[in-house]
Peer 1: 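Encoded as C-alpha cells, here's the structure I'll be asking about.
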Amino acid sequence: MAGTAGPSTTTIVGREPELSRLSSLLVTTADDGPRAVLVEGDAGVGKTVLVEAAIRAAAESHPLVTLHAPCLPLDAISIPYLPLRTALGDGAAAGVDAPPPPDLDDAAAPVRLDAWLDGLDHAGPVVLFVDDLQWADTSTLDVLLYLVGAPRRAARRIVATVRSGEDPHGQRVRRWLADVRRMPGCTELRLGLLDRVATATQLAALLGAPPHESLVEDVYARSHGNPYFTRLLADGLAPDARHLPDAYSEDLRDAVVAAWYRLGPGDRAVAEGLAVVGAPAQPDALARVCGVPVDAVRAGLAEGVSAGLLASGAHGAAWFRHPLSAEVLERSLDDSRRHLLHGRCAALAAEAVAGGHRAGGDDVRDVVSLADHAYRAGDAAGAYAAALRAADVAGAGGGAAEQQRLLARALDLHPQQESPAESRRDLLERSRTAAKDAGLFDAELAAVDALLGAVDPVAEPLSVARLLVRRVHLEYSTGRDFMNVAVVREAVRLSEAQPRSGAHALALAELVHSGTWHGVEGLEPLAPRAIEIARAAGDDESLTYALTAAAMLAVFAADATAGIAYGGEAVEVAARVRNWWAYVHAVAWRLNAVEVGSSRTYAEGLRRYREQMVALGAPHTYSAVMSADEADSWLAVGDWRRAVDRLRDALAADPGPLADVKARIVAARLAALQGRPEEAAAHLARADERFAELGDFVAFQFDTVRAEVHLAGGDAERAYDAALRGLTREGPVPTMSEWLVPLALRALADLADAARTGRPGSRDAVARRGEAFEARFPRVVRDVGPSTPLGEAQVTALEALVAAEAARVRGADDGALWVVAAETSAAGELAWEEAYACRRGAEAFLAAGSRAPGVRLLRRGLAAAEALGAVPVSDALRDLAVRARVPLDEPAAAGEVDVPAGPVAGLTAREREVLALVAAGRTYAEIADALTISEKTVSTHVSHLLAKTGARNRVELSGLARRRP
C-alpha cells in the first residue's frame, strides 16, 4: 500500500519485540538511525506481515510515506526495475505532493530516483518497502545498493524482506547482501519460527476459540512454528477439532512443495528419496536409496538448495528447509515406491546397526531408524524385532516416550508373529512402565486396562489391586472419573489376601484419599495403619501415598503441624522413588498445611518444588500441573504477568489433560477479570469438554470461575446459578469456596440494578431472593484446611464484600461498606477484589453526593485496575469520572454516548438527547448551548428524567443511560 499509512488493530502473534523494534526504527530521526533494515527468515515466517504491521504502528505517531516495491518470481522474462517502477506508481497515487516519477531507463536511474525520494521528504519519513528481495532483478539491486550507500537521509528508510538461504539466480542476492551488510547504517532482523505457545495463540485467532491441546500438538509437530503453514493446516478446521485430518489440503501440499515443482524429474526423485530417509543424508547413502549415481544425487541436492527447498549441511549432507516438506513428499508416493525406498533405508540402517554393535554398542538413531523403515516397508517380522531392540536402546538412554512408542508398535505387530518369544503381558507391562516414566497418561491407562483384562485377580490379587489403584489415578488425570471409591474398595478387598503387603498399604492410602473427597467417614485410622504397613514392607512407593493421605487428613482437621510433617516426608520419598504423580500430590498437601492457595507463599512453594522436580528429570506433563497451579496462585494475588509466564511454561509442550484443564481454568479467570468474556467462556468450555464427567470435581474451582466468567459476560442470572451450585453440592466444599457467597450476592445486586428500570415489582422480587439467600448463607463458606493469618484476612475481606453487596441488593448501596471491603482486600493480598471494591465505593459515594471520598476511591481504584489490566473496572471508573466530572481525562463528547432503548423506556426524543449529554458529563450550560434551549428547560428535562427513572441524582442517571440490556 502506498501513501500515508494509518493506524491498524492488526495483532502480530509472537513477534511483539520485533514489531516494537522495527516500528521504532522506521521513525527515528537520530543521526545514527538506520538507512536499511533487512528482515530475514524462511518462507512463511511472517516477514511481510511484520513489516506491514510495523509501518502501520509507526504511522500512528508519525505520518509515513510508504512505497511498496514487490519483487516477483519471474523466470522466463526479466523486466529491469520492475519493483521500483511499481513503487513509483504507488508514489504517484500516494495522495501527497510528489514530483513526476523519474525515468529509470538509463545509467542515471539511481541518481534520479534518489532525488525523487528527496522530494517526498516534506510529507513525512519515506519508507521504501522492498518485498521478497531474493527475486529482484540485477538493475533493481544496483539501484538499491546506490540508495543505501548514498549520503544519509535521516527521513528515509529502505526496508527489505529476504528469504534465508534462497537465491534463485545464483549468488547474485548473496553478494548484494554481503555488500550492504558492510555499509554503515544497515540493521538486520532475523525472524525464527514461533514457539508452541505462540502457535497455539495463532490457532486460537484462526479458529475463533482456544484450540484443543491435542490439535496444537498436531499442528506444531508439522508446522514447527511456521505461521504460514500453521494457517494452511488450520484452514477448514472446526473450532472444536482435536486432531488434524489424515489428508492435507491441496493448498497446503502446493505451498509446502512449491519449490519441488520447479525441479527437474531427476532432481525431484532425489528429493523424494531424501524425504523417505527422514533425516539429513550424505550423498553416497542417498544414492543407494534412490538407486542413482552419487554425482546425480549431488547435482539434485544442489538444485534443491538453489530452489530453496533444501538447506546444505556438513560434509555434503542436506535436509529440507522445513520438515513438513519431507512429510508431504513421502505421503505423495505410491505404495510400491514408498515400500521400495523404505526397504533400502532399512537395509542401510541395518548395516549401520551392525557396524555400531561391532564397535561397542548400538546407536539409538540407527536402531530406531531400522525399526521405523522396516515398519514402513511392510516388513512385519523385521519391524517387530527391530522395534523391541530399539525400545531397549531408547529405554537405556532415558527416552521413555520413544520407548513407549516402539513398544506400542511391537504390541500391534505381536499377533502377526509366528512364535514370538515375548508374551503379550510382558509387552504390556513394559509399555505401561515406559508410559508412566514419560508421563503419557492416556497410553498408560490403555496399558493398565489391557493388563486388567489379562491378569487373573484370583491368582494375582496384589497385582490387580495395584493396577486398580493406578487406574483410579489415571482416570482422574485424563478426566474420565473422579476418585472412584468403589474401585478402591475392591483394591482393598483384593489386597487383604496379604494384609502386611505394600499393595494393601497402597490401597488403604488411596481409600483415604478418594473417600475423603467423597465425604466417607471413619477413615482416620487407615492412614497411620497404611504408613506402618508400608514402612514394614519397605515399599517406598506405597509409603509416599500413605504419608500424603495422612497429610490430607491433617489439613482437613486443621492440624498444620502434622500436615507439614507428613507432607514433607511424602515429598522426599516421592522424589527418591521418582514417582511424579505421588510427588505432585504430596506437594499440594504439604503446602495446603502451610498457607492458603491464594497467596505468594503458596506460589513460591510451588515454584521451589517445581524447580526441584524439573531438576530431577520429571516429565513435562507433571511439571505442567505444578506450573498451572502456580499460575493460579500468582493470579489470585494480582501478579498476573507471572501467572502468564507460568501458563506459557505449562503449555510449552503438550501438558496432558490434567494440566490442560488446570491451565484453562486459570486462563478463563484471567480473561474474565481483564474483560475478555468471550475468551474466558471459550477456555472454560474447553475445560468442561476435557473433563466432561468431572464438572463436580471439588478440587478444581469450576464453580467460582464459572460465576466470574458469567459476570464478565453480563449474565448475572447464570452467575448466581453457578455460585449457588457450588454452595449446595454434596460432600466437601469446592476449591475457592469462600468466593461463592460474595459472587452470588454480586450477581443478585447486578440483577437488582437492572430491575430498577424493569417492570414494577421486579426489584422487590430480587430483594426477596437476596433476603432468602442471606438467611441461608449469612457468611462466606470456608474451605478445608488450617487457619493462617493471611487466610483469616482473606475471609475478613470476603465477608466485607458480602456486607457491601448485600446492601447493594437492598438498594442501600453504602460507600463506607465498600471502603472496608477495599481496605480488608488490600490486607488480604486480594488485588482484584480491592480494585472492584474501590469502583463500587466510588460509585456509591458520588451517587450520594459525597465527592471527596468518592474521588479518592475512584483514583485509587483506577490505579489498581490499570496495574492489573482489569479493563472492566478501569473502564467503569473512567466512565464514572466523566459523569461525575472528576478530572482524570478529557470528558467524553456528546456524540460518543448513546442511550439504548432497553435500559430507559418511555422517554421523548428530546429527553433522550438531554440524557445522552448528561451521560457525557456536560454542564447545564453546555447542554443548553448544544440543544439551543435555555438552562431552565434543561433543568426541567433533567427533573423529568429523574422522576421517570427513579434516579436520585445526575450520577445515577448517567449510569442508567450507559447501561446496556
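The chain is numbered in sequence order, starting from 1.
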Peer 1: Sequence neighbours excluded, which residues qualify as side-chain contact (heavy atoms from CB on, under 4.5 Å) partners of Glu678?
Peer 2: none
Peer 1: Please examine the side chains of Ile927 and His941, heavy atoms only from C-beta on, and report whether any two atoms are closer than 4.5 Å.
Peer 2: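 Of all side-chain heavy-atom pairs linking Ile927 with His941, none is under 4.5 Å.
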Peer 1: Within a 6.0 Å radius of atom CZ on Arg851, are there more than 12 heavy atoms belonging to other residues, nucleotides or ligands?
Peer 2: yes
Peer 1: Is Glu708 paired with Arg746 through a side-chain N to carboxylate O contact shorter than 4.0 Å?
Peer 2: no
Peer 1: With sequence neighbours excluded, what pairs up with Ala671 under the side-chain contact (heavy atoms from CB on, under 4.5 Å) test?
Peer 2: Arg676, Glu679, Ala680
Peer 1: Not counting sequence neighbours, which residues clear ring-ring contact (aromatic ring centres under 6.0 Å, His included) with Tyr602? List them please.
Peer 2: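 Once residues adjacent in sequence are excluded, Tyr602 has no partner under the ring-ring contact (aromatic ring centres under 6.0 Å, His included) criterion.
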Peer 1: With rounding to the nearest 0.5 angstrom, report the CZ to CG distance, Arg706 to Asp688.
Peer 2: 4.0 Å
Peer 1: Check this for me, if you would: do Asp639 and Arg600 make a salt bridge, where the nitrogen-to-carboxylate-oxygen distance has to be below 4.0 angstrom?
Peer 2: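 Salt bridge present between Asp639 and Arg600.
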Peer 1: Quick test of your reading: applying ring pair (Phe, Tyr, Trp, His ring centres under 6.0 Å), list the pairs with at least one residue in residues 846-868, sequence neighbours left out, ordered by first then second residue.
Peer 2: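 Non-adjacent pairs meeting ring pair (Phe, Tyr, Trp, His ring centres under 6.0 Å): zero.
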Peer 1: With sequence neighbours excluded, what pairs up with Glu829 under the salt bridge (Lys or Arg N to Asp or Glu O under 4.0 Å) test?
Peer 2: none
Peer 1: Heavy atoms, side chains only, cut-off 4.5 Å: are Leu868 and Leu673 in contact?
Peer 2: no
Peer 1: Taking the side chain as everything from C-beta on, heavy atoms only, tell me whether Val886 gets closer than 4.5 Å to Arg859.
Peer 2: yes
Peer 1: Taking Trp739 for its side chain and Val705 for its backbone only, find out whether a donor-acceptor pair lies under 3.5 Å.
Peer 2: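 Not confirmed, Trp739 side chain does not pair with Val705 backbone.
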Peer 1: Closest approach of Leu651 and Ala663, non-hydrogen atoms and distance?
Peer 2: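 Where Leu651 meets Ala663 most closely, the heavy atoms are CD2-CB, 4.4 Å.
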Peer 1: If the condition is ring-ring contact (aromatic ring centres under 6.0 Å, His included), which residues does Trp818 pass it with, not counting sequence neighbours?
Peer 2: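 Only Tyr836 meet the ring-ring contact (aromatic ring centres under 6.0 Å, His included) criterion with Trp818.
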Peer 1: Can you name the closest pair of heavy atoms from Pro655 and Ala659 and give their distance?
Peer 2: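 The answer is O-CB, 3.4 Å.
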Peer 1: Salt-bridged, Asp753 to Arg808, with N to O below 4.0 Å?
Peer 2: yes
Peer 1: For the side chain of Ser737 and the backbone of Asp783, is there at least one donor-acceptor N/O pair under 3.5 Å apart?
Peer 2: yes
Peer 1: Are Met736 and Arg669 close enough that some pair of their side-chain heavy atoms sits under 4.5 Å apart?
Peer 2: yes
Peer 1: Would Glu771 and Arg768 pass as an ion pair if we require N to O under 4.0 Å?
Peer 2: no
Peer 1: How long is the straight-line distance from CG of Leu724 back to CG of Leu740, given to the nearest 0.5 Å?
Peer 2: 9.5 Å
Peer 1: Are the side chain of Gln794 and the backbone of Gly828 linked by a donor-acceptor contact shorter than 3.5 Å?
Peer 2: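 Side chain of Gln794 to backbone of Gly828, a donor-acceptor pair under 3.5 Å: yes, one is there.
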Peer 1: If you measure from the Lys or Arg side-chain nitrogens to the Asp or Glu carboxylate oxygens, is any gap between Glu805 and Arg840 under 4.0 Å?
Peer 2: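 Looking at Glu805 and Arg840, the cut-off is not met.
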Peer 1: Listed by chain and number, what are the ring-ring contact (aromatic ring centres under 6.0 Å, His included) partners of Phe777, not counting sequence neighbours?
Peer 2: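 So Phe777 forms a ring-ring contact (aromatic ring centres under 6.0 Å, His included) with Phe773.
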Peer 1: Which label fits Phe556 and Trp589: parallel for a plane angle under 30°, tilted from 30 to 60°, or perpendicular past 60°?
Peer 2: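 Tilted.
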Peer 1: Looking only at non-hydrogen atoms, find the nearest pair between Ser787 and Glu792 and report the distance.
Peer 2: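 Taking Ser787 first and Glu792 second, the nearest heavy atoms are OG-OE2, 2.7 Å.
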Peer 1: Using 0.5 Å steps for rounding, measure from the CH2 atom of Trp634 to the OG atom of Ser598.
Peer 2: 12.5 Å
Peer 1: Quick one: do Glu774 and Leu745 satisfy side-chain contact (heavy atoms from CB on, under 4.5 Å)? Show the steps, please.
Peer 2: CA-CA 9 Å; Glu774 287 186 75; Leu745 284 169; 4.2 Å; yes
Peer 1: About how many Å separate CZ of Arg839 and CG of Leu862, when rounded to the nearest 0.5 Å?
Peer 2: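 It comes to 12.5 Å.
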Peer 1: Report the C-alpha separation of Leu658 and Phe700 in whole Å, then their side-chain angles, then the decisive distance to 0.1 Å, and conclude whether the side-chain contact (heavy atoms from CB on, under 4.5 Å) test is met.
Peer 2: CA-CA 11 Å; Leu658 183 59; Phe700 289 169; 3.6 Å; yes
Peer 1: Is the closest basic N to carboxylate O distance between Glu60 and Arg56 below 4.0 Å?
Peer 2: no
Peer 1: Can you give me the closest heavy-atom contact between Ala752 and Val809, atom names plus distance?
Peer 2: CB-O, 3.8 Å
Peer 1: Would you find a donor on one side and an acceptor on the other, under 3.5 Å apart, between the side chain of Arg686 and the backbone of Arg664?
Peer 2: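 Checking the backbone N and O of Arg664 against the side chain of Arg686, no donor-acceptor pair under 3.5 Å is found.
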Peer 1: I'd like to know whether Phe702 forms a side-chain contact (heavy atoms from CB on, under 4.5 Å) with Thr735, so could you lay out the CA-CA distance, the side-chain angles of the two residues, the decisive distance to 0.1 Å, and finally the verdict.
Peer 2: CA-CA 8 Å; Phe702 269 110; Thr735 297; over 6 Å; no
Peer 1: Scan for ring pair (Phe, Tyr, Trp, His ring centres under 6.0 Å) pairs involving residues 840-864, sequence neighbours excluded, and state none if there are none.
Peer 2: none
Peer 1: Taking all heavy atoms of Leu877 and all of Ala842, pick out the closest pair and write down the distance.
Peer 2: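 Looks like CD2-CB, 4.2 Å.
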Peer 1: Restricting to salt bridge (Lys or Arg N to Asp or Glu O under 4.0 Å), what partner residues turn up for Glu738, sequence neighbours left out?
Peer 2: none
Peer 1: Only counting residues at least two apart or in another chain, list the ones meeting side-chain contact (heavy atoms from CB on, under 4.5 Å) with Ala707.
Peer 2: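 Ala722, Ala723, Leu743.
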Peer 1: Find out whether Tyr924 and Ser939 are in side-chain contact, i.e. whether some heavy atom of one side chain is under 4.5 Å from a heavy atom of the other.
Peer 2: yes
Peer 1: Do Arg646 and Asp649 come within less than 4.5 Å of each other through their side chains, counting heavy atoms only?
Peer 2: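 Side chain of Arg646 against side chain of Asp649, heavy atoms only: contact under 4.5 Å found.
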Peer 1: Are side-chain heavy atoms of Lys662 and Asp632 found at a separation under 4.5 Å?
Peer 2: no
Peer 1: Could you tell me the separation between the CD atom of Glu595 and the CG atom of Leu790, rounded to the nearest 0.5 Å?
Peer 2: 4.5 Å
Peer 1: Closest approach of Arg729 and Gly726, non-hydrogen atoms and distance?
Peer 2: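 Scanning both residues completely, I find the closest heavy atoms to be CG-O, 3.6 Å.
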Peer 1: Can you tell me which residue pairs pass the side-chain hydrogen bond (donor to acceptor under 3.5 Å, both in side chains) test with a partner in residues 866-876, sequence neighbours excluded?
Peer 2: Glu866-Arg878
Peer 1: Quick check for you: to the nearest 0.5 Å, what is the distance between Glu630 atom CD and Leu647 atom CG?
Peer 2: 10.0 Å
Peer 1: Are Val802 and Val780 close enough that some pair of their side-chain heavy atoms sits under 4.5 Å apart?
Peer 2: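 When only atoms from C-beta onward are counted, Val780 and Val802 do touch, with a gap below 4.5 Å.
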Peer 1: Please identify each residue that fulfils side-chain contact (heavy atoms from CB on, under 4.5 Å) with Leu751, with sequence neighbours left out.
Peer 2: Ala716, Glu717, Leu748, Val766, Arg769
Peer 1: Are the side chain of Ser633 and the backbone N or O of Gly597 linked by a donor-acceptor pair below 3.5 Å?
Peer 2: yes
